[in-house]
Amino acid sequence: VVTRDDVEESLKAVFQFVKDKEQLLQDLRSQIEETKKIISEKQRERDYWLEYKNVGSKIHAEKISSLEKDIAEVKHELERTEEYYREALKVVREENQKLFDRHMKLLSEEALKNAVGYLDKHCRREIEENEWLKEEVKIYRKAHSDLEASVQLLEEENTSLVAKLIDIKLQHLRV
């Protein structure tokens, strides 16, 4: 025998069960919607990265390659410019040194002339004769070195002729 209370309890249990199932179904639907949103976001992100992989990465790779070439060209130009300025600096330093040496020589000559200007006639004549004697000494030294070289050549030639003469005499003695 089933009583009314049993039927009501059974209906309440079934109603509660259906209500729980509907709530569970609604929760599952909301989870499905959230999952669909996440899936669509991930799909968009995946599409973006696929497009980047297929198109954008090539563009960026070309840009990177172009920038690397530009960097290499700039480095090369920098090296060439650095070498140019180094050479220009060297030339300018050499030119400055030449100008300085020439200026010092002119100053020393002018100082010598000024000093000679303050000397009397007798001292000036001695200086001029001294200059002439220096030139004569240079000429005689050159002539002396030339004569020494020619004497050395003659001695070597004489030595070889004497050696030949001795060889010939030795051959005649053997005969």
Side-chain angles (χ1 to χ4, degrees), residues 1-119 127 130-131 134-135 137-139 141-146 148-150 152-153 156 160:
V1 177
V2 177
T3 63
R4 182 181 176 130
D5 290 335
D6 291 334
V7 171
E8 281 182 8
E9 264 186 52
S10 172
L11 280 175
K12 281 183 185 179
V14 168
F15 182 72
Q16 186 63 37
F17 179 76
V18 169
K19 191 175 179 183
D20 289 342
K21 290 295 178 182
E22 283 179 2
Q23 183 63 37
L24 183 63
L25 184 63
Q26 190 176 8
D27 290 342
L28 286 175
R29 283 185 184 144
S30 66
Q31 284 180 356
I32 289 172
E33 287 299 318
E34 286 180 30
T35 305
K36 282 182 181 179
K37 286 179 185 177
I38 291 171
I39 288 173
S40 69
E41 285 178 25
K42 294 296 180 182
Q43 184 67 34
R44 281 193 301 265
E45 188 176 337
R46 185 183 74 100
D47 291 343
Y48 170 78
W49 287 113
L50 279 175
E51 183 179 337
Y52 176 76
K53 177 185 168 190
N54 295 332
V55 178
S57 64
K58 291 177 184 175
I59 293 171
H60 286 143
E62 290 173 3
K63 285 181 182 178
I64 290 170
S65 174
S66 173
L67 290 173
E68 287 173 346
K69 286 179 184 176
D70 291 346
I71 289 170
E73 288 176 12
V74 167
K75 282 183 180 179
H76 180 69
E77 286 297 319
L78 177 67
E79 289 171 358
R80 285 182 47 214
T81 305
E82 184 179 347
E83 184 64 29
Y84 170 77
Y85 283 118
R86 188 178 297 120
E87 290 297 321
L89 179 63
K90 183 179 177 183
V91 168
V92 167
R93 282 183 178 165
E94 289 174 358
E95 185 66 27
N96 283 345
Q97 187 63 39
K98 286 178 185 177
L99 288 173
F100 178 76
D101 291 343
R102 189 180 320 143
H103 184 68
M104 290 304 292
K105 184 178 177 183
L106 289 173
L107 284 177
S108 65
E109 288 174 1
E110 188 176 326
L112 181 63
K113 287 179 184 176
N114 288 340
V116 169
Y118 291 115
L119 296 176
I127 290 173
N130 189 16
E131 290 295 322
K134 285 181 183 178
E135 291 297 322
V137 167
K138 284 182 187 177
I139 293 169
R141 283 187 181 160
K142 184 176 182 332
H144 180 263
S145 65
D146 290 344
E148 279 184 343
S150 62
Q152 185 177 358
L153 287 174
E156 289 174 3
S160 67

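In what follows, every heavy atom counts, from backbone to side chain, and hydrogens, waters and symmetry copies are set aside.
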Query - Residue pairs fulfilling salt bridge (charged side-chain N to carboxylate O under 4.0 Å, His left out) with at least one residue in residues 69-81, sequence neighbours excluded - result: Glu77-Arg80
Query - Residues Arg4, Glu8: salt bridge by 4.0 Å N-O rule - result: yes
Query raised in the report: With sequence neighbours excluded, what pairs up with Lys142 under the salt bridge (Lys or Arg N to Asp or Glu O under 4.0 Å) test?
Result: Asp146
Query raised in the report: Got a second to check how far Gln43's CD is from Ile38's CD1, nearest 0.5 Å?
Result: 14.0 Å
Which donor-acceptor pairs under 3.5 Å do side chains of residues 97-107 form with protein atoms, sequence neighbours excluded?
residue	atom	partner	partner atom	Å
Gln97	NE2	Asp101	OD1	3.0

Query raised in the report: Can you list the residues that meet the salt bridge (Lys or Arg N to Asp or Glu O under 4.0 Å) rule with Glu82, with sequence neighbours excluded?
Result: Arg86
Report task. Kindly state each residue pair satisfying side chain to side chain donor-acceptor pair (under 3.5 Å) with at least one member in residues 25-37, sequence neighbours excluded. Result -> Gln23-Asp27
Report task. Rounded to the nearest 0.5 Å, what's the gap from CH2 on Trp49 to NZ on Lys53? Could you check? Result -> 13.0 Å
Query raised in the report: Who are the side-chain contact (heavy atoms from CB on, under 4.5 Å) partners of Glu41, not counting sequence neighbours?
Result: Arg44
Query raised in the report: Taking only residues two or more places apart in sequence, or in another chain, which ones meet Tyr48 in a ring-ring contact (aromatic ring centres under 6.0 Å, His included)?
Result: none
Query - Those residues that, when tested against Glu9, pass salt bridge (Lys or Arg N to Asp or Glu O under 4.0 Å) (two or more places apart) - result: none
Query raised in the report: Tell me, which pairs form a ring-ring contact (aromatic ring centres under 6.0 Å, His included) where one or both residues lie in residues 55-84, sequence neighbours left out?
Result: Tyr52-His60
Query - Qualifying ring-ring contact (aromatic ring centres under 6.0 Å, His included) pairs with a residue from residues 20-42, counting only residues at least two apart or across chains - result: none
Requested in this report: Please list, chain by chain and in numerical order, all residues satisfying side chain to side chain donor-acceptor pair (under 3.5 Å) with Asp5, sequence neighbours excluded.
Outcome: none
**Report entry** Between CG on residue Leu25 and CG on residue Asp20, distance to nearest 0.5 Å
**Finding:** 12.5 Å
Report summary line: The salt bridge (Lys or Arg N to Asp or Glu O under 4.0 Å) partners of Glu87 (sequence neighbours excluded) come to none
